[in-house]
Amino acid sequence: MINNNTPDQQGRFGDFGGRYVPETLMPLVLELEQVWTAAKVDPVFIEQMDGYLRDYVGRPSAIYHAERLSDHFGGAKIWFKRDELNHTGAHKINNCLGQVLLAKRMGKTRIIAETGAGQHGVATATVAARFGLECVVFMGAKDIERQKPNVFRMKLLGAQIVPVTSGTGTLKDAMNEALRDWVTNVDNTFYVIGTAAGPHPYPEMVRDLQSVIGREAREQILQREGRLPDACVACIGGGSNAIGLFYPFLDDKQVRLIGVEAAGKGLQTGEHAASLSGGKPGILHGNRTYLLQDDDGQIADAHSISAGLDYPGIGPEHSYLHDIGRVEYLSATDKEALDSFQLCTRLEGIIPALEPAHALARVADLATDLGKDGLIVMNMCGRGDKDVFAVAGHLGVEI
Ligand SMILES: *Cc1c(COP(=O)(O)O)cnc(C)c1O
């Protein structure tokens, strides 16, 4: 794997990242770092990963020229990297598969995970079922109420759901509970984190596992167009699909990398999930990064039409890439995402998840800026089947 943005000994990307964990967790994260460092260059592990990615996940995912959308915007040629075609409908399984294979390698028999909207919980429960491992998913009590279909899916897959009532009963509280459980059950338990955040080595490990997206996209676009794209665009919740697409392009300085955060009801309203555009540095879930917080440093609840973008932090590598100016971070509102969702469905026959619909909103402007000779690769990181009820609600339609 490529290694041009390696965190230092403390797991820091510049001023961000690190491992801010209690004493009791330190041996666990150090062991995990050791095991991951060895596994990722072990031909046996790599072959195992490649096999499951091919036969179970369905990789490589296609790259697709979105011709009618390109014509509609009247500018650059737009390509979708189609990670929505993966098993379970999004990029999350790339990461879950890698971490669960690592858990097996470590002889662990119990998998734990946190989930907000339930997408990471479903992907983890899926892979745990496949490998016959016990799976426990921590989920905020409020989210359990809001995400019933995914709760039922996880139960069908054999997972146990633990409701979390501390704090605001949402994702950040579920993540705290999962970290606590991990300390208590360290002997048999592996904690699968769902985005490129958490204490080192998680941000680096999740990035490495999701980089399959960018490696494939780079090769595919070179083959189809004979050159690199002018820009790569991806939506950002915690930042795993974005860093997965961007990482293999980091050294290609001529390629603009653009992350799109959720601006919710508008950045000025305070009801959004844009940690970089509207937050400031602090420490949460074992790492230092940009966070949504009030004046007293209390973590604020994020808001977005898309449950998957609704995390009050962002992976530390993005904070670093933001501060050094290598990646541009923009945002899109709920309304813009909803419009892009409908446009993509009508023009391409692809129902996008609401998360990548945010990315598409900025692709529209970018296509015009770049003009006819421009080339854009956007990560279509999830499909929208999960969102049709929510979208109906927002459009005032009863199903
Ligand atoms: C979970 C999710 C996201 C947000 O997570 P990242 O770590 O930022 O990628 C984005 N899109 C989809 C489809 C998701 O399921």
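None of these values were measured; they are calculated from a predicted model. Counting from 1, the numbers follow the sequence of the chain as shown. Scope of the values below: all heavy atoms of this structure, side chains included, with no hydrogens, waters or symmetry mates. Start at 1 and go down the list; that is how both ligands and their atoms are numbered.
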Report, one line per pair, each donor and acceptor closer than 3.5 Å where one atom sits in a side chain of residues 15-26; sequence neighbours left out.
residue	atom	partner	partner atom	Å
R19	NH1	E33	OE1	2.8
R19	NH2	Q9	O	2.9
Y20	OH	R12	NH1	2.8

Can D181 and R110 be counted as an ion pair, charged N to O under 4.0 angstrom? yes

Which class fits the ring pair Y202 and W182: parallel under 30°, tilted 30 to 60°, perpendicular over 60°? perpendicular

I'd like a table of the close N/O pairs between ligand 1 and the protein (anything under 3.5 Å), one pair per line with both atom names and the distance.
residue	atom	partner	partner atom	Å
ligand 1	7 (O)	T195	OG1	2.5
ligand 1	7 (O)	G239	N	3.3
ligand 1	7 (O)	S240	N	2.8
ligand 1	7 (O)	S240	OG	2.7
ligand 1	8 (O)	G237	N	2.7
ligand 1	8 (O)	G238	N	3.1
ligand 1	8 (O)	G239	N	2.7
ligand 1	9 (O)	H91	NE2	2.9
ligand 1	9 (O)	S240	OG	3.2
ligand 1	9 (O)	N241	N	2.9
ligand 1	9 (O)	N241	ND2	2.9
ligand 1	15 (O)	K92	NZ	2.6

Taking only residues at least two apart or on different chains, which pairs with a member in residues 317-327 satisfy salt bridge (charged side-chain N to carboxylate O under 4.0 Å, His left out)? R207-E317

Salt bridge (charged side-chain N to carboxylate O under 4.0 Å, His left out): which pairs involve residues 369-396, sequence neighbours left out? E355-K386

May I ask you to decide whether K40 forms a salt bridge with E204, counting only side-chain N to carboxylate O separations under 4.0 Å? yes

